[in-house]
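Here's the structure we're looking at; comments come further down.
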Amino acid sequence: MTEFLATTQVEPGISAPSSAGPSAAVSTLGCKVNTYESNLIAQGLSQEGWRLVDDRKKADLYVINSCTVTAEADRQTRQQVRKVLKRNPNAVVVVTGCYAQVNAAALAAIDGVRLVVGNDRKLAIPQITRDVVRGQGVEVMVGALDGGADIGSTPLSGFRDRSRAFVQVQQGCDQACTFCVIHTARGPSRSFNYHEILNQVAKLISTGFREIVICGVDLGAYGLDLPGGTTTETGQGLVHLLEGIGTVAGDFRVRLSSIDPVHVSNGLLQLMKNDPRMCPYLHVSMQSGNSLILKRMKRRYDATYLYECLTAAREKIPDLVLGADVMVGFPTESIDQFADTLAAIRDLEIAFPHVFTYSPRPGTPAAKIPKQIPNIERRRRSAVLRAAGREILDRSLKSWTGRRSVVLLERAVGKGDLGHNARLANYMPVRIDPQGKAPGRFLDAVVTGVDNGGLIAEAVRRE
């Protein structure tokens, strides 16, 4: 399962908006794959003559790219529909994405929604909306995903107001974890063309991006569906792709989005160790630290493998930082089984745990298990894991005091703002005086302290 972004991401578009023509806004909920696809939709709308605006402003057309990984994600989509209609009750509202794919009826029932478009046609939204007008009822365009979701072939020219760019390399999932509907919402695994991916990376680097985030729904499955894709070591297709990306000219670094532990191969770890462009950061789809719960989830590994895999990663890769998707409150999860997950967070030093509170998804095997954990207990366990993650992050941050490294400037931070405007390669957040440099530039720095969940650093000159 791809890494989930808890907050709505606003993607106002790629190119500078024109001063004339109808306005459009694209909202993104969910994962990095959705973010990539939303930018493709925004780019297409711009090419069709729409004037792109922020989704917090009044627009003639709103496209909402939804997520359905949890019940909360569904709620956020419905909430976003209400928000945009409040801004402009006369707008054309289009909802697409995973929620649209698996429960089109729920979205079509919302007053004001004009189109519900499935993942099979989401990238065609710029063309679909050419002649759509408000007030003609709700139209549902959701087809079967037997052949997979739409992966498109149009290169993305950039990401507005971002120092890093997402590059999707794989779509769909062939697994059927008992708690998950994403394999239904996204269809079977399909890999993007190797040469098109390299061309996409080169295009983004040429436009000034200095960090490329490689993402997919089941990232490590990249290449398995391509000719000659079956290998003796799972994940080697991804390694081959990363080696190819390493041949692209330019000063940039490469970060991986969420990856299944079974795809953290020896080849991948060796590449991350040897290639200075590869960020020393792994975000694994861990889910649980208890073998029985992992089995009931229908995961592809047990707790022993998890420990061996991530311990090996730490031993091989200097300064490695770990993040993880973790689920709490899975049906039947006892206090002791939850304690195993908490122990894994601490033992493996997961500095960035992305904690999911289990949410029953209709039609999944887990939703039919009689022993469901009460909501109040799920929330309590989630809070415990998040607190453990903050403790680990704090220790990791303190270990960097006095060290010198390179940061990537991400955004401008106003005077007195306690936020952070840069990151180390291992994802540690940094606040630094940019010395007049714009976001998207590398800066040599020495860490001077820790504050507000991040590092404080000062720029230094290269020797």
Considering only heavy atoms from C-beta outward, does the side chain of L198 approach that of L241 to under 4.5 Å? yes
Pair D218-S189, side-chain donor/acceptor within less than 3.5 Å: no
Can you find a pair of side-chain heavy atoms, one from I212 and one from I205, that are under 4.5 Å apart? yes
Restricting to non-hydrogen atoms, name the atom on D433 and the atom on A459 that form the minimum distance, rounded to 0.1 Å. O-CB, 4.4 Å
Could you tell me whether the side chain of E333 and the main chain of G329 form a donor-acceptor pair under 3.5 Å? yes
Donor-acceptor check, side chain of T247 to backbone of E243, threshold 3.5 angstrom: yes or no? no
Any donor and acceptor pair, going by atom type alone, linking the side chain of N119 with main-chain N or O of A185 inside 3.5 Å? yes
To the nearest 0.5 Å, tell me how far S334 OG sits from I373 CD1. 8.0 Å
A221 to S191 - nearest heavy-atom pair and separation: O-OG, 4.1 Å
If you round to the nearest 0.5 Å, how far is CZ of R255 from CZ of R423? 7.5 Å
Could you give me the CA-CA distance, side-chain angles and deciding distance for H240 and Y194, then say whether side chain to side chain contact (heavy atoms under 4.5 Å, CB included) is met? CA-CA 9 Å; H240 174 64; Y194 173 89; 3.7 Å; yes
Option among R441, R277, R253 that satisfies the salt bridge (charged side-chain N to carboxylate O under 4.0 Å, His left out) test with E211: R253
Before giving the answer on side chain to side chain contact (heavy atoms under 4.5 Å, CB included), spell out for L268 and I259 the whole-Å C-alpha distance, their side-chain angles and the decisive distance to 0.1 Å. CA-CA 11 Å; L268 177 62; I259 188 169; 3.9 Å; yes
Point-to-point distance, once rounded to the nearest 0.5 Å, from CG of N426 to OG of S405: 7.0 Å
Given the rule in the salt bridge (charged side-chain N to carboxylate O under 4.0 Å, His left out) test, do D260 and R300 qualify, once you have shown the distances and angles that lead to the verdict? CA-CA 9 Å; D260 193 297; R300 294 174 278 190; 3.0 Å; yes
Donor-acceptor under 3.5 Å (S359 side chain, A71 main chain): yes
With no hydrogens and no angle check, just 3.5 Å: does a side-chain donor-acceptor pair link T28 and N65? no
So which atom in H263 and which in G220 form the shortest heavy-atom distance, rounded to 0.1 Å? ND1-CA, 3.1 Å
In terms of heavy-atom contacts, does CD of Q270 have more than 12 from other residues, nucleotides or ligands at under 6.0 Å? yes
Side chains of D74 and R361 in contact at under 4.5 Å (non-hydrogen atoms): yes
A side-chain contact here means heavy atoms from C-beta on lying under 4.5 Å apart; do V33 and R186 qualify? yes
Just by modelled atom types, is the T341 backbone N or O under 3.5 Å from a matching donor or acceptor in the N290 side chain? no
Evaluate side chain to side chain contact (heavy atoms under 4.5 Å, CB included) for N452 paired with H420, printing each intermediate quantity in order. CA-CA 9 Å; N452 195 38; H420 299 93; 4.1 Å; yes
For residues 174-185, pull every pair meeting side-chain hydrogen bond (donor to acceptor under 3.5 Å, both in side chains), keeping only residues two or more places apart or in separate chains. none
Does the pair D394 and R390 meet the rule for a salt bridge (charged side-chain N to carboxylate O under 4.0 Å, His left out), with working shown? CA-CA 6 Å; D394 188 57; R390 287 192 294 269; over 6 Å; no
Are any non-hydrogen side-chain atoms of R75 and E72 less than 4.5 angstrom apart? yes
Going from CG on L393 to CE on M428, what distance comes out if it is rounded to the nearest 0.5 angstrom? 6.0 Å
Looking only at heavy atoms, the pair that brings G118 and T96 closest together is O-OG1, 3.8 Å
Go through the steps for M286 and L306 under the test side chain to side chain contact (heavy atoms under 4.5 Å, CB included), then give the verdict. CA-CA 8 Å; M286 173 178 143; L306 184 70; 3.5 Å; yes
Would a 4.5 Å heavy-atom cut-off, applied to side chains only, mark V26 and D55 as touching? no
Taking R378 for its side chain and T357 for its backbone only, find out whether a donor-acceptor pair lies under 3.5 Å. no
So for atom CD1, which belongs to I376, do other residues, nucleotides or ligands contribute more than 12 heavy atoms lying within a distance under 6.0 Å? no
Close side-chain approach of L348 to T311, heavy-atom, < 4.5 Å: yes
Among all residues two or more places apart in sequence or in another chain, which pass the salt bridge (Lys or Arg N to Asp or Glu O under 4.0 Å) test with R380? E377
Have a look at V167 and tell me which of I245, I214, V213 forms a side-chain contact (heavy atoms from CB on, under 4.5 Å) with it. I214
Within the side chain of Q101, is there an N or O that forms a donor-acceptor pair under 3.5 Å with the backbone of V142? no
Does NZ or CZ of R299 come closer than 6.0 Å to the centre of the six-membered ring of Y301, within 45° of the ring's axis? no
I'd like to know if the side chain of T68 reaches the main chain of Y99, judged simply by a donor and an acceptor atom lying under 3.5 Å from each other, with no hydrogens or angles considered. no
Does any non-hydrogen side-chain atom of R314 lie less than 4.5 Å from one of L322? yes
Inter-residue atom distance L292.CG - L294.CG, 0.5 Å rounding: 9.0 Å
Q168 CD to L40 CG distance, which is reported to the nearest 0.5 Å: 8.0 Å
Can you check whether F352 and H354 have ring centres sitting under 6.0 Å from each other? no
Has the side chain of D54 got a donor or acceptor atom that lies under 3.5 Å from a matching backbone atom of A25? no
Which atoms form the tightest heavy-atom contact between R87 and Y62, and what is the distance? CB-OH, 3.6 Å
For K316 and P318, the nearest pair of non-hydrogen atoms, with its separation, is O-CD, 3.4 Å
